Amino acid sequence: MAMVFQDLNWFQTSKRPVPVPLMTQKNKRRLAGMLFALVASLSGFSQTPYLQQIAAHREEYKADFLKSPKSPLKKEDFKKLSFYEPDSLYRVEATVQRTPTAEPFELPTYDGQKKTYVSYALLTFRLKGKTCRLTLYRSLQLARLPQYRDYLFLPFKDASNGRETYGGGRYMDLRVGDIKDGKIALDFNKAYNPYCAYSDGYACPIPPKENHLTLAVEAGEKQFANKE
């Protein structure tokens, strides 16, 4: 920037008026280029923490497979995992409408079993210019365990399923404490596959019809390499 200011500042060194030359076309292009570079640099800087956050989240996600004795993946399988590039378009704020009078229901799983859930809240948000709604659930089984008492479950399907993402839908994990002033942040870059995406024999809840989005959510985890 110093060179630009040097070109733009003409100083009067005597009491006699000195004509101030107009900025040349060359200097205009130089100024525009440097301003563009500055804006791009600042923009990139603001995105860096978010990209780092998603990268760290995905590394932690992979590490969790190695901690669970029931994990369908080993470390050598990680090379078959695939994710969309992080995209802040898919980080949205949703309005939370609590459903305190909802009755528990049996949610079918892909292996033919059923698990008991209850609707916790209705989420409304805008994505790709469309108003979307998803229901947030609570597992009554997990709610009995102190360490999972505040866990919330968001299963969903979208138009990318069966093409770039797992055909059975994907999940997101949230917590009661994530709800603040009637709002909650949804980051679909953290959407992940159920265990059924990697191997058969797991009781993965099937996303209810009310949680089927008509648009494609091109964020989060993609199809596993070994599954169609």
Side-chain angles (χ1 to χ4, degrees), residues 46-62 64 81-100 102 105 107 115 117-140 142-143 147-197 204-224:
S46 65
Q47 287 294 318
T48 298
Y50 177 65
L51 297 179
Q52 291 176 341
Q53 177 196 355
I54 296 300
H57 174 82
R58 290 176 177 175
E59 288 304 310
E60 183 179 354
Y61 170 69
K62 294 175 184 178
D64 284 342
L81 295 175
S82 181
F83 302 87
Y84 287 101
E85 290 297 320
D87 186 347
S88 58
L89 171 68
Y90 290 97
R91 181 179 55 178
V92 299
E93 183 180 68
T95 300
V96 179
Q97 181 183 346
R98 287 279 285 111
T99 52
F105 69 101
L107 185 60
K115 293 187 176 182
Y117 284 84
V118 65
S119 169
Y120 185 82
L122 178 65
L123 308 181
T124 305
F125 56 95
R126 296 279 293 176
L127 184 61
K128 292 183 173 181
K130 294 184 178 181
T131 298
C132 303
R133 292 180 178 84
L134 292 173
T135 301
L136 187 60
Y137 303 97
R138 172 180 251 169
S139 166
L140 296 189
L142 286 180
Q147 66 270 38
Y148 299 117
R149 192 166 292 157
D150 66 339
Y151 271 46
L152 300 173
F153 180 53
L154 187 63
F156 69 95
K157 283 190 174 185
D158 67 273
S160 73
N161 297 159
R163 297 187 294 105
E164 294 185 323
T165 63
Y166 175 57
R170 291 175 291 170
Y171 301 158
M172 292 176 64
D173 293 332
L174 299 163
R175 294 194 174 195
V176 173
D178 294 331
I179 301 173
K180 302 183 186 303
D181 299 323
K183 306 284 186 180
I184 192 169
L186 298 181
D187 194 341
F188 288 95
N189 292 281
K190 298 179 180 179
Y192 67 93
N193 290 337
Y195 276 7
C196 297
C204 307
I206 302 173
K209 191 172 183 178
E210 62 191 5
N211 275 19
H212 292 193
L213 299 173
T214 58
L215 50 76
V217 178
E218 297 169 318
E221 189 169 3
K222 291 184 175 183
Q223 180 77 280
F224 186 57

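Quantities reported herein were computed from a predicted structural model and do not represent experimental measurements.
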Problem - Check: Asp187 and Ile54 side chains under 4.5 Å, non-hydrogen atoms - result: yes
Handout entry: Evaluation steps, side chain to side chain contact (heavy atoms under 4.5 Å, CB included), between Val96 and Lys183
Key = CA-CA 5 Å; Val96 179; Lys183 306 284 186 180; 5.6 Å; no
Fill in the blank from the handout: Ala216 and Ala159 have their tightest heavy-atom pair at N-CB, 3.7 Å
Problem - Check: Tyr84 and Asn189 side chains under 4.5 Å, non-hydrogen atoms - result: no
Exercise for the section: List the steps and the verdict of side chain to side chain contact (heavy atoms under 4.5 Å, CB included) for Tyr166 and Asn161. Expected result: CA-CA 5 Å; Tyr166 175 57; Asn161 297 159; 5.9 Å; no
Handout entry: Parallel, tilted or perpendicular: ring planes of Phe83 versus Tyr61, cut at 30 and 60 degrees
Key = perpendicular
Exercise for the section: Carefully, step by step, assess Leu134 and Leu213 under the rule side chain to side chain contact (heavy atoms under 4.5 Å, CB included). Expected result: CA-CA 8 Å; Leu134 292 173; Leu213 299 173; 3.8 Å; yes
Problem - Spacing of Thr95 atom OG1 and Arg126 atom CZ [to the nearest 0.5 Å] - result: 11.5 Å
Handout entry: Close side-chain approach of Ser82 to Phe224, heavy-atom, < 4.5 Å
Key = no
Practice task
May I ask you to check whether Phe105 and Tyr137 place their ring centres under 6.0 Å from each other?
Solution key: yes
Practice task
Work out which heavy atom in Leu107 is nearest to a heavy atom in Pro208; give both atom names and the distance.
Solution key: CD1-CG, 3.6 Å
Problem - Partners passing disulfide (SG to SG under 2.5 Å) against Cys132 (at least two apart in sequence or in another chain) - result: none
Handout entry: Ring centres under 6.0 angstrom apart (Tyr120, Phe153)
Key = no
Problem - Heavy-atom neighbours of Gln147 CD exceed 12 at 6.0 Å - result: yes
Fill in the blank from the handout: When rounded to the nearest 0.5 Å, the distance separating CD of Glu93 from OG1 of Thr124 is 12.0 Å
Practice task
State plainly whether the residues Glu60 and Lys190 are in salt-bridge range, i.e. N to O under 4.0 Å.
Solution key: no
Exercise for the section: Answer yes or no: is there a side-chain heavy-atom contact under 4.5 Å between Tyr50 and Thr48? Expected result: no
Exercise for the section: Please step through side-chain hydrogen bond (donor to acceptor under 3.5 Å, both in side chains) for the pair Thr99 and Ser119, ending with a clear verdict. Expected result: CA-CA 6 Å; Thr99 52; Ser119 169; 2.9 Å; yes
Problem - Side-chain touch Thr135/Leu123, heavy atoms, less than 4.5 angstrom - result: no
Problem - No-hydrogen, no-angle side-chain donor-acceptor test under 3.5 Å, Ser139 and Lys115 - result: no
Handout entry: Under 3.5 Å donor-acceptor, Thr165 side chain and Ser160 backbone
Key = yes
Exercise for the section: Measure the shortest side-chain to side-chain distance between Lys128 and Glu218 over non-hydrogen atoms and say whether it is less than 4.5 angstrom. Expected result: yes
Problem - Expected output: side-chain His212 to main-chain Pro207 donor-acceptor under 3.5 Å - result: yes
Problem - Leu186 side chain reached by Leu154 side chain, heavy atoms, under 4.5 Å - result: yes
Exercise for the section: Taking all heavy atoms of Gln223 and all of Gly167, pick out the closest pair and write down the distance. Expected result: NE2-N, 4.5 Å
Handout entry: Met172 and Phe156, any side-chain heavy atoms less than 4.5 Å apart
Key = yes
If you look only at distance, which donor and acceptor atoms sit under 3.5 Å apart when one is on a side chain in residues 173-180 and the other is two or more places apart or in another chain?
from: Asp173; atom 1: OD1; to: Tyr192; atom 2: OH; distance (Å): 2.9
from: Asp173; atom 1: OD2; to: Tyr192; atom 2: OH; distance (Å): 3.0
from: Arg175; atom 1: NH2; to: Tyr151; atom 2: OH; distance (Å): 2.6
from: Asp178; atom 1: OD2; to: Arg175; atom 2: N; distance (Å): 2.8
from: Lys180; atom 1: NZ; to: Gly177; atom 2: O; distance (Å): 3.1

Problem - Donor-acceptor pair, side chain of Arg58 and main chain of Glu221, under 3.5 angstrom - result: no
Handout entry: Qualifying salt bridge (charged side-chain N to carboxylate O under 4.0 Å, His left out) pairs with a residue from residues 153-166, counting only residues at least two apart or across chains
Key = Asp158-Arg170
Practice task
Could you tell me whether the side chain of Asn193 and the main chain of Lys222 form a donor-acceptor pair under 3.5 Å?
Solution key: yes
